[in-house]
J.: 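Dropping the structure in here first, questions after.
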Amino acid sequence: MASHEEQFKKLIAHAKEYGFIFPSSEIYDGLAAVYDYGQYGVELKNNIRQYWWKSMVQMHENVVGLDSAIFMHPTIWKASGHVDAFSDPLIDNKDSKKRYRVDVMLEDYCAKIEDKINKEVEKAAKRFGDSFDKEQFVTTNPRVLEYRQKIENTLQRMNKNLTENNLSDLKTLIEELEIACPVSGTRNWTDIRHFNLMFSTQIGSLAEDANTVYLRPETAQGIFVNFLNVQKTSRMKIPFGIAQTGKAFRNEIVARQFVFRMREFEQMEMQFFVRPGTEMEWYEYWKQSRIEWHKSLGIPAEKFRFHDHEKLAHYANAAVDIQFEFMFGFRELEGIHSRTDYDLAQHQEFSGKKMQYFDPDLNESYVPYVVETSIGLDRMCLAMLSHAYNEEVLEDGSTRVVMKFPPVLAPYKIAILPLVKKDGMPEKAREIMSLLQHDFMCQYDEKDAIGRRYRRQDAIGTPFCITVDTQTMEDNTVTIRYRDTMQQERIAISEIANVARKNL
């Protein structure tokens, strides 16, 4: 069986070969950590965005949408803390000249210990068979307990140092753990230093007269500065939410793992404004609501887990990640944060404008508290690609690569295939295509043998293939083939849309 690393390489190659994701500016040798979505990738991305928007805005009468500008007044980023504190602690290996994020490096170290725990559990499970009690084993086995303690000590010390900005002890921790550079294999490290992640540019016609502005590193601030505009014009009562999807930009030095961490990426965020004192119940509500959304796509529940933040951001009083099991391990897919009144209070102070809500039920004004749900659209695309990618050995010994996307997210829903390019079949197939393409993304394909065309549709994840053959010309029935099972059945042309809708 291929290792996770090999599988991930195969997925990246498949994404390029089949038009999901291309390296940006490839004919000029590319641009690191920037990617373009191809003809199938853009459909997948649009479908995920739309599925999120429908469930977040359309299905909640107290959540409305917004699309704020990428350029914003530079003082916004001063108020939000990004100018002074939006930085990563980085360390360089003097031999490989590679640069690493310290927190990621230490988390990866802990993940390797976690793998050792899993191996101990697997060995014990084989040894004890049916009588194996996993819970008892992990809470009593001395080696496992030692590993757990090591993880806990490492994370606690890392978080304490990050909070206190103690960079020298962070370096000491790396040295004590004997963490080596994966490229050079040496432990020849520089000191740790901070690097601000915001991209800056100039606005104005003359560079010397220009003001420095920033490409937004997150979409949330556009929501906060429009809080009163939206509240007043939509006459919303608290609690209510403002949702937004859009591009954000971070000068990631250690961008890696394909589209997992990029310099230009897209977020889907919702900021939910609540009465102070009620934020924890809404935090719990959105935590459960968001995990249910992920599970609604039919992905096994064990692929997801909650990960509480050990180190809270200065503005938060609770924070949790929904992690997804990518091919390179469990990583953050979505964050739910209780941000208190930090953002609105900061903008009130820096702008001199009141950011208060008059609550008619209490007959008083206050600065609302905020509960945030924030998901990376590119990470969600990667999660779907990772989950969907399957290599199956068929009965005849051949292999097919099939992308088992949740049908609602599949880039194309129906492929229409004339069996041969004659006897009126292409014309009939085009007729069926024009009936269906108002409601579904359809693809017409008449090139190659029908088996090869099926394989092509499997490789892009199309749930249904419709084949037009001699019998179609006689009785207006077609063969529908289902992607996951490869089962085929005969149905009337007039039934195609109903069958597709039922399965979508």
J.: So, the side chain of Gln437 versus the backbone of Cys442: is there a donor-acceptor pair under 3.5 Å, distance only?
T.: no
J.: Taking Arg455 for the side chain and Arg400 for the main chain, is one N or O donor matched with an acceptor at less than 3.5 Å?
T.: no
J.: I need the Gln221 CD to Gln271 CD distance, nearest 0.5 Å.
T.: 8.0 Å
J.: Take atom NE2 in His307; do more than 12 heavy atoms of anything else shown fall under 6.0 Å from it?
T.: yes
J.: Are the side chains of Ile491 and Val478 in contact, using a 4.5 Å heavy-atom criterion?
T.: yes
J.: Does Asp458 reach the main-chain N or O of Val402 with its side chain, forming a donor-acceptor pair under 3.5 Å?
T.: no
J.: Can you find a side-chain donor-acceptor pair between Gln244 and Glu269 that sits under 3.5 Å?
T.: no
J.: Flag the pair Ser24 / Tyr35 as yes when at least one side-chain heavy-atom distance between them is below 4.5 Å, and no otherwise.
T.: no
J.: Pairs in or reaching into residues 399-436: which pass ring pair (Phe, Tyr, Trp, His ring centres under 6.0 Å), with residues at least two apart or in two chains?
T.: Phe20-Phe405, Tyr40-Tyr412
J.: Any side-chain heavy atom of Ile322 within less than 4.5 Å of one from Phe306?
T.: yes
J.: Taking salt bridge (charged side-chain N to carboxylate O under 4.0 Å, His left out) as the definition, give me every residue that meets it alongside Glu114, ordered by chain and number, with sequence neighbours left out.
T.: Arg148
J.: State whether the side chain of Arg453 and the backbone N or O of Ile416 hold a donor-acceptor pair below 3.5 Å, judged by distance alone.
T.: no
J.: What do the steps show when you test Phe328 against Phe260 for ring-ring contact (aromatic ring centres under 6.0 Å, His included), and what is the final call?
T.: CA-CA 10 Å; Phe328 41 84; Phe260 182 80; 5.5 Å; yes
J.: Find out whether the Lys NZ or Arg CZ of Arg250 is both under 6.0 angstrom from the six-membered ring centre of Phe265 and within 45° of the ring's axis.
T.: no
J.: Measure up the Phe273 and Phe227 rings against each other and bin them: parallel (under 30°), tilted (30 to 60°), perpendicular (over 60°).
T.: tilted
J.: Is it possible for you to check whether Lys45 lies under 6.0 Å from the centre of the six-membered ring of Tyr37, through NZ or CZ, and within 45° of that ring's axis?
T.: yes
J.: Got a donor-acceptor contact below 3.5 angstrom from the Ser234 side chain to the Val230 backbone?
T.: yes
J.: Hey, are the side chains of Met270 and Trp286 touching, using non-hydrogen atoms and a 4.5 Å cut-off?
T.: yes
J.: What residue among Leu417, Ile460, Ile414 forms side chain to side chain contact (heavy atoms under 4.5 Å, CB included) with Gln443?
T.: Ile460
J.: Taking the side chain as C-beta and beyond, is there a heavy-atom pair between Ile117 and Ile151 under 4.5 Å?
T.: yes
J.: Centres of the His60 and Trp293 rings: under 6.0 Å?
T.: no
J.: Name the orientation class of the two ring planes belonging to Phe464 and Tyr482 (parallel below 30°, tilted from 30 to 60°, perpendicular beyond 60°).
T.: perpendicular
J.: Is it true that Phe8 and Phe326 have ring centroids separated by less than 6.0 Å?
T.: no
J.: Could you check whether Lys112 pairs with Asp115 (Lys NZ or Arg NE/NH1/NH2 to Asp/Glu carboxylate O, under 4.0 Å)?
T.: no
J.: Does Asp445 pair with Arg452 as a salt bridge, N-O distance under 4.0 Å?
T.: no
J.: For Gln471, does its backbone N or O pair with a side-chain atom of Asp469 as donor and acceptor, under 3.5 Å?
T.: yes
J.: Are the side chains of Asp423 and Met473 in contact, using a 4.5 Å heavy-atom criterion?
T.: no
J.: Before giving the answer on side-chain contact (heavy atoms from CB on, under 4.5 Å), spell out for His337 and Val371 the whole-Å C-alpha distance, their side-chain angles and the decisive distance to 0.1 Å.
T.: CA-CA 6 Å; His337 310 115; Val371 176; over 6 Å; no
J.: Is any side-chain heavy atom of Glu391 less than 4.5 Å from a side-chain heavy atom of Gln7?
T.: yes
J.: Which atom names give the shortest non-hydrogen contact between Ala220 and Glu372, and what distance separates them?
T.: CB-OE2, 3.8 Å
J.: Is the side chain of Arg49 donor-acceptor paired with the backbone N or O of Met268 at a distance under 3.5 Å, no angle test?
T.: no
J.: Quick check, are the ring centers of Phe128 and Phe137 under 6.0 angstrom apart?
T.: no
J.: Measure from NZ or CZ of Arg379 to the centre of the six-membered ring of Phe324 and say whether it is under 6.0 Å with the direction within 45° of the ring axis.
T.: no
J.: Is there a side-chain contact between Val259 and Leu385 in this structure, where contact means two heavy atoms from C-beta onward sitting under 4.5 Å apart?
T.: no
J.: Test salt bridge (Lys or Arg N to Asp or Glu O under 4.0 Å) on Asp378 and Arg263 and set out the steps.
T.: CA-CA 11 Å; Asp378 304 274; Arg263 295 193 168 102; over 6 Å; no
J.: Using atom types as modelled and distance alone, determine if a side-chain donor or acceptor of Gln488 lies under 3.5 Å from a backbone N or O of Arg481.
T.: no
J.: Heavy atoms only: give me the nearest Arg483-Ala410 pair and the separation to one decimal.
T.: NH1-CB, 4.5 Å
J.: Applying the side chain to side chain contact (heavy atoms under 4.5 Å, CB included) test to Ile493, which of Asp475, Leu436, Thr472, Thr477 qualifies?
T.: Thr472
J.: Does atom NZ of Lys16 have more than 12 heavy-atom neighbours from other groups under 6.0 Å away?
T.: no
J.: Donor-acceptor check, side chain of Thr233 to backbone of Asn229, threshold 3.5 angstrom: yes or no?
T.: yes
J.: Could you pull out all residues at least two apart from Lys123 that satisfy salt bridge (charged side-chain N to carboxylate O under 4.0 Å, His left out)?
T.: Glu120
J.: Decide, yes or no, whether a salt bridge links Glu431 with Lys428 under the criterion of side-chain N to carboxylate O below 4.0 Å.
T.: yes
J.: Is the number of heavy atoms from other residues, nucleotides or ligands under 6.0 Å of Asp396 CG greater than 12?
T.: yes
J.: Using modelled atom types and a 3.5 Å cut-off, is there a donor and acceptor pairing between side-chain atoms of Gln267 and backbone atoms of Thr219?
T.: yes
